[in-house]
Amino acid sequence: MSLRLTNTLTRRTESFQPLVPGEVSIYCCGVTVYDLCHLGHARSYIVWDVLRRYLIWSGYRVKFVQNITDIDDKILQRAAKEGRSMQEVSESNIVAFQDDMAALNILPPDRVPRATQCLDAIRAMIGELESSGAAYSADGDVYFAVMGQPDYGKLSGRSLSEQQEGASGRLNSEEESRKRHPFDFALWKGVKPGEPSFPSPWGPGRPGWHIECSAMVRQELGNTIDIHLGGADLIFPHHENEIAQSEAANAEPLARFWLHNGMVNVDGEKMSKSLGNFTTIRSLLASGVSPMTLRLFVLQAHYRKPLDFTREALDAAATGWHGLNEALQLGLNPTFTAALRWGAAAAAAQPAPDPDPDFGHGHDVGLETSRQGFIDALDDDLNTSAALAVLFELARPLRALARRLERGSEASGEDRALQGRWQLLQQLSGVLGLELEASPSSAAEAAIGPEPEVIQALISERLAARQQKRYPDADAIRDQLRADGIELIDRPDGGTEWIRR
RNA sequence: GGCGGCAUGGCCAAGUGGUAAGGCAGAGGAUUGCAAAUCCUUUACCCCCAGUUCGAAUCUGGGUGCCGCCUCCA
């Protein structure tokens, strides 16, 4: 079996084969940088990051382009409100966006074109569309004429005739009156007083929203790309219009596969900047939600379905990630690897660039089954939920082992034999971008709570109480330490360990 | 009004014809002075009605509820 993806264009799940064998070209619609990114953006980019990592892991050479819209009405509004220039607003939000993406372990795109840096390509394409009659200019604006495109609406499943009535009610603004058809959209907007502008054959102004993507795709990746990505809210009008422009200009299909991710909902409603019901990525991270928890939260649902954002679901993901993290610690924590005699090879193991076809041959057959289960899951239209189930099953004994070692147990020969399982878990987790984080007992958290000397003193006190069978006193000490986040573990040999929780 | 999607246990969520993955939470047992951890066991009339079929959560028709897009939005 091979990768199958649900293509919005055909409304079917189809077998994916790139145009050029071994190479995949991907364009992903990026953000308009007028504000910080929220969980909805995180979902989208996490999901596409997994697609990209999976393709790379499968052996493809992937070229991944993602734009940044740095000129737009909203940015101008924000700039006016804050007394800053459009560039200042864009720049600060671009930096914040890139920080957020890095924090979420999302691979940076190969190319990140910005609208303001692609004006030549944009103007060239508008010029072509105007010359061919696909677009027309009107009072310094240039509009795309949808009536000239017989297949307009093929992505979103709308027909112009059916939509006309509903749309006619919006013919009120000055801009609308310049359009020949209500669905016509601006390729170039003539400058208005007080706005920044760029020169063009149609007079000073700035590009419309949709044209930048068409121009960038052609410039960076060519006329036809393998996969075009974006949120489901972009299907209409943005992607529909991209198709119209690109295909009118190039006379070739824009993209072979159109993939769209579902929205993040809050109380059953879409999280969005305009509704104001959003939680930004950085506020989530600042509130103590780990990046990997966020990834797990997102990947537990199928990418095309709506995902409800609730505190409970996030907490469940945090606990779930904690368990996976414990298993991943096993091969990367020097104390554990020493106990298991796994050696440097284990610590150095990284996700392999390709699936190892020999894996499992002469090894644990169960591991090969797991590996294949993981591949089958992702091949099935990126069923990350099913892929995670494989990871959790791989992790279960590793996690148990890590906990036993943490509590001072000796490693058995059987434990040492789990190295291959750990390596597979690490490799597959990496495909989902789930990677080890500092353990909770890291230096930062160790600074909180009682000093080790104090704890030891209390443990001694408790030991005395236990020896005298004054159990209520002993338990009082346990409870007191627990309130301070310290858990006591009595070992069979009579010793007492403690860990911070 | 038009187009599209969704409804699975306490919560989240896979599963598209052969009686239901996984995560979180819960219960019982073993073990422990008590704990912790570990191990074992365990928790589903798949929104409703009708139909197709030997057999349906899964297909068809109808109904109900919810959501997205049709204006900027990942």
Side-chain angles (χ1 to χ4, degrees), chain A residues 8 11 13 28-32 34-35 37-48 69 72-74 77 153 156-159 161-167 170 173 183 209 229-238 240 260-265 268-275 278 296-297 299-302 304-308 310 312-324 373 377 380 383-393 396-397 399-404 406-409 466 469 471-472 474-475 478-479 482 487-492 496-499 501:
Chain A
T8 307
R11 288 166 190 75
T13 305
C28 178
C29 274
V31 285
T32 301
Y34 73 90
D35 203 350
C37 287
H38 57 65
L39 183 57
H41 301 100
R43 179 190 197 185
S44 188
Y45 299 128
I46 286 169
V47 159
W48 305 138
T69 302
D72 162 271
D73 288 342
K74 295 235 164 129
Q77 284 168 19
S156 56
R158 288 152 218 269
S159 73
S161 53
E162 283 169 5
Q163 299 293 308
Q164 225 164 334
E165 262 183 73
R170 300 203 191 89
S173 75
F183 272 30
W209 176 37
L229 305 172
D233 52 357
L234 297 182
I235 294 170
F236 190 91
H238 184 53
E240 196 71 73
H260 293 98
N261 65 274
M263 300 292 101
V264 173
N265 289 163
E269 266 196 327
K270 175 185 163 184
M271 176 181 288
S272 76
K273 291 184 186 175
S274 45
L275 285 175
F278 59 88
L296 188 67
F297 171 68
L299 296 175
Q300 277 191 309
H302 186 87
R304 281 189 295 111
K305 283 197 174 181
L307 173 61
D308 240 331
T310 61
E312 298 71 44
L314 205 56
D315 288 345
T319 313
W321 164 245
H322 183 67
L324 275 182
D380 180 19
N383 189 340
T384 50
S385 182
L388 280 168
V390 173
L391 260 47
F392 279 111
E393 272 160 18
R396 194 176 302 129
R399 179 186 181 187
L401 171 57
R403 289 189 176 183
R404 274 186 278 122
E406 189 175 42
R407 284 163 173 75
S409 299
R466 290 173 68 205
K469 301 218 188 291
Y471 290 123
D475 291 345
R478 175 192 289 290
D479 293 344
R482 178 176 288 149
E487 184 200 319
L488 297 184
I489 302 141
D490 295 328
R491 289 210 315 255
T496 297
E497 305 274 332
W498 60 270
I499 55 173
R501 311 217 83 206

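Note on naming: letters A, B, ... go to the chains in the order of the sequence lines (proteins, then strands), and numbering restarts at 1 for each one. What you see is a predicted model, and the numbers here were worked out from it, not measured in a lab.
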message: Rounding to an integer number of Å, can you tell me how far A:R403 CZ sits from B:C39 C1'?
response: 13 Å
- prompt: How close or far is atom C1' of B:C69 from atom CZ of A:R11, stated in whole angstroms?
  reply: 12 Å
task: If B:U42 has a Watson-Crick or G-U wobble mate with both distances under 3.5 Å, name it; if not, just say none.
output: B:G26
- prompt: A:D308 has an atom CG; how far is it from atom C1' of B:A13, in whole Å?
  reply: 12 Å
- request: Indicate, with a heavy-atom threshold strictly under 4.0 Å, whether A:E497 touches base, sugar-phosphate, or nothing.
  value: nothing
query: Say you pick atom C1' in B:C54 and the same atom in B:C11; how far apart are they, in whole Å?
result: 38 Å
Verdict with reasoning, A:L324 to A:F392, per side chain to side chain contact (heavy atoms under 4.5 Å, CB included): CA-CA 7 Å; A:L324 275 182; A:F392 279 111; 3.8 Å; yes
B:G68 phosphate, OP1 or OP2, under 4.0 Å from A:K305 side-chain N/O: no
field: Atom-pair distance (NE2 on A:H322; P on B:G22), nearest Å
entry: 21 Å
- prompt: CD of A:E269 versus P of B:A74: gap in Å, rounded?
  reply: 17 Å
query: B:G4 phosphate, OP1 or OP2: any side-chain N/O from A:R304 under 4.0 angstrom?
result: no
message: Please classify the nucleic acid contact of A:D490 as base, sugar-phosphate, or nothing, using heavy-atom distances under 4.0 Å.
response: base
- prompt: Does the side chain of A:R404 get closer than 4.0 angstrom to OP1 or OP2 of B:A37 through an N or O atom?
  reply: no
Closest to the A:A389 side chain, choosing from B:G2, B:G22, B:A25: B:G22
field: Aromatic-base stack, A:F392 on B:G23, cutoff 5.5 Å, angle under 30
entry: no
- prompt: Of all the choices, B:C72, B:G23, B:A74, which nucleotide is nearest to the side chain of A:S274 once you look at every atom?
  reply: B:C72
query: OP1, OP2 of B:G68 versus side-chain N and O of A:N265: anything below 4.0 Å?
result: no
Atom pair NE2/CD1 of A:H41 and A:I46 - distance to nearest 0.5 Å: 12.5 Å
task: Tell me what A:K270 touches on the nucleic acid: a base, only sugar-phosphate, or nothing, going by heavy atoms under 4.0 Å.
output: base
- prompt: Which whole-number value in Å describes the distance from A:F278 CZ to B:C72 P?
  reply: 19 Å
- prompt: When the distance from NE2 of A:H302 to C1' of B:A13 is rounded to whole Å, what number comes out?
  reply: 12 Å
